[in-house]
Amino acid sequence: MKGLGELERTVMEVLWAREDAGHEAATARDVSRALAGDRDLAHTTVMTVLDRLAKKGFLERERDGRAWRYHPVASREMYVTELMLGALNETGDRDAALAHFVRSVSRDEIDVIRQTLAGLMSKEPPA
């Protein structure tokens with residue numbers, strides 16, 4: 001999955017927040033309104049960013065009358081996971097990178113990793 005530019009990330013954050021809050025897909029106008037307090041963007045700029053994100057595969061869109069409604073293809077967490085995996089693929093030594101990463105996380109995060117690994121190990125079929 002490709003990275004996002006600053007404005008693309010800002011637009012995605014609006015759409016992810018709407019999805020987290022249980023709202024339906026957003027129009028360009030919805031996104032423009034959500035960004036109005038933080039950024040002074042022309043509505044056409046928002047429309048262009050949404051179109052570009054759809055073409056890149058980050059958003060799906062559907063027609064709603066004359067407007068398009070957009071929603072994220074993947075969650076924020078899935079996007080971050082793809083970024084992490086991409087960074088891991090850039091290293092020449094995945095094991096060393098993983099070990100360094102694990103040494104740099106908090107105790108609470110280590111507990112999450114342990115619980116996740118335990119859950120994965122309990123689902124393995126018998127050898």
Side-chain angles (χ1 to χ4, degrees):
M1 188 176 280
K2 299 174 187 138
L4 296 171
E6 179 190 348
L7 185 52
E8 291 172 330
R9 173 74 185 210
T10 300
V11 168
M12 288 301 298
E13 287 295 340
V14 168
L15 294 168
W16 282 322
R18 286 180 58 89
E19 193 170 72
D20 291 346
H23 296 293
E24 60 186 33
T27 64
R29 182 124 358 250
D30 295 330
V31 175
S32 291
R33 286 184 188 130
L35 294 173
D38 298 332
R39 309 220 21 177
D40 184 25
L41 296 172
H43 180 66
T44 53
T45 300
V46 173
M47 290 171 56
T48 299
V49 172
L50 288 166
D51 183 59
R52 188 170 49 218
L53 287 166
K55 287 178 180 170
K56 285 183 173 183
F58 286 98
L59 300 175
E60 288 182 347
R61 68 183 182 179
E62 57 192 46
R63 236 346 151 176
D64 184 8
R66 293 179 56 211
W68 289 102
R69 289 201 169 274
Y70 297 87
H71 65 90
V73 170
S75 68
R76 179 186 295 110
E77 293 77 16
M78 290 296 294
Y79 170 69
V80 171
T81 298
E82 291 293 326
L83 288 177
M84 292 169 70
L85 289 171
L88 190 59
N89 287 334
E90 294 297 315
T91 182
D93 187 347
R94 288 176 65 105
D95 291 347
L98 282 170
H100 185 74
F101 174 76
V102 170
R103 284 192 299 271
S104 68
V105 298
S106 71
R107 284 271 176 213
D108 289 342
E109 292 164 332
I110 288 171
D111 289 342
V112 170
I113 292 169
R114 277 192 183 119
Q115 291 169 3
T116 303
L117 288 172
L120 288 173
M121 299 302 284
S122 69
K123 291 180 183 176
E124 283 188 7

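Heavy-atom basis, side chains included; hydrogens, waters and symmetry copies ignored. Start at 1 with the first residue, then count along the sequence.
Using a 4.5 Å heavy-atom cutoff, the side chains of L7 and L41 are in contact. Residues L4 and V11 fail the side-chain proximity criterion, which asks for heavy atoms closer than 4.5 Å.
The closest donor-acceptor contact from the side chain of N89 to the backbone of G86 lies at 3.5 Å or more, if one exists at all.
Connection of V105 to L85 is not established within any shared hydrophobic cluster, with ILVMFWY side chains joined at heavy-atom distances below 4.5 Å, either directly or through further cluster members. Under the 4.5 Å side-chain contact rule for hydrophobic residues, L117 and I110 share a cluster. Both L59 and L83 are part of a single hydrophobic cluster, where members link through side-chain heavy atoms under 4.5 Å apart.
For the atom pair CE of M12 and OH of Y70, the computed distance is 12.5 Å after rounding to the nearest 0.5 Å. Rounding to the nearest 0.5 Å places CG of L15 at 8.0 Å from CG of L53. For the atom pair R33 CZ and T27 OG1, the distance stands at 7.0 Å (nearest 0.5 Å). Atom OG1 in T45 sits 10.0 Å away from atom NE2 in H43 (nearest 0.5 Å).
Applying the ring-ring contact (aromatic ring centres under 6.0 Å, His included) rule to pairs touching residues 84-105 yields nothing, sequence neighbours excluded. Evaluation of the salt bridge (Lys or Arg N to Asp or Glu O under 4.0 Å) test over residues 90-105, restricted to residues two or more places apart or in two chains, returns none. For the side chain to side chain donor-acceptor pair (under 3.5 Å) condition, the pairs that include at least one residue of residues 107-120, sequence neighbours left out, are S106-E109.
Annotation: side-chain contact (heavy atoms from CB on, under 4.5 Å) contacts of S75 (sequence neighbours excluded): E77, M78. Here E6 pairs with R39 under the salt bridge (Lys or Arg N to Asp or Glu O under 4.0 Å) rule; sequence neighbours left out. Taking the salt bridge (Lys or Arg N to Asp or Glu O under 4.0 Å) definition, one finds that R61 meets it with D51, sequence neighbours left out. Legend: residues meeting salt bridge (Lys or Arg N to Asp or Glu O under 4.0 Å) with R52, ordered by chain and number and at least two apart, are E8. Partners of R76 under the salt bridge (Lys or Arg N to Asp or Glu O under 4.0 Å) rule, at least two apart in sequence or in another chain, are E13, D20. Every residue was checked against the ring pair (Phe, Tyr, Trp, His ring centres under 6.0 Å) condition with W68, not counting sequence neighbours, and none meets it. Considering only residues two or more places apart in sequence or on other chains, H23 meets the side-chain hydrogen bond (donor to acceptor under 3.5 Å, both in side chains) condition with none of them. Scored by the side-chain contact (heavy atoms from CB on, under 4.5 Å) test, A25 finds R69, H71 as partners (sequence neighbours excluded).
Using cut-offs of 30° and 60° on the angle between ring planes, the pair W16 and Y79 is tilted.
Other residues, nucleotides and ligands place more than 12 heavy atoms under 6.0 Å from the CZ atom of R9.
Across all their heavy atoms, R66 and R63 have their closest contact at O-NH1, 2.7 Å. Smallest separation of non-hydrogen atoms from G57 and V73: O-CG2, 3.4 Å.
Think of L98 as one node in a network of Ile, Leu, Val, Met, Phe, Trp and Tyr side chains linked at under 4.5 Å; its network also takes in L88.
For the side chain to side chain contact (heavy atoms under 4.5 Å, CB included) test with V46, the passing option among L50, V49, T48 is L50; the others fail.
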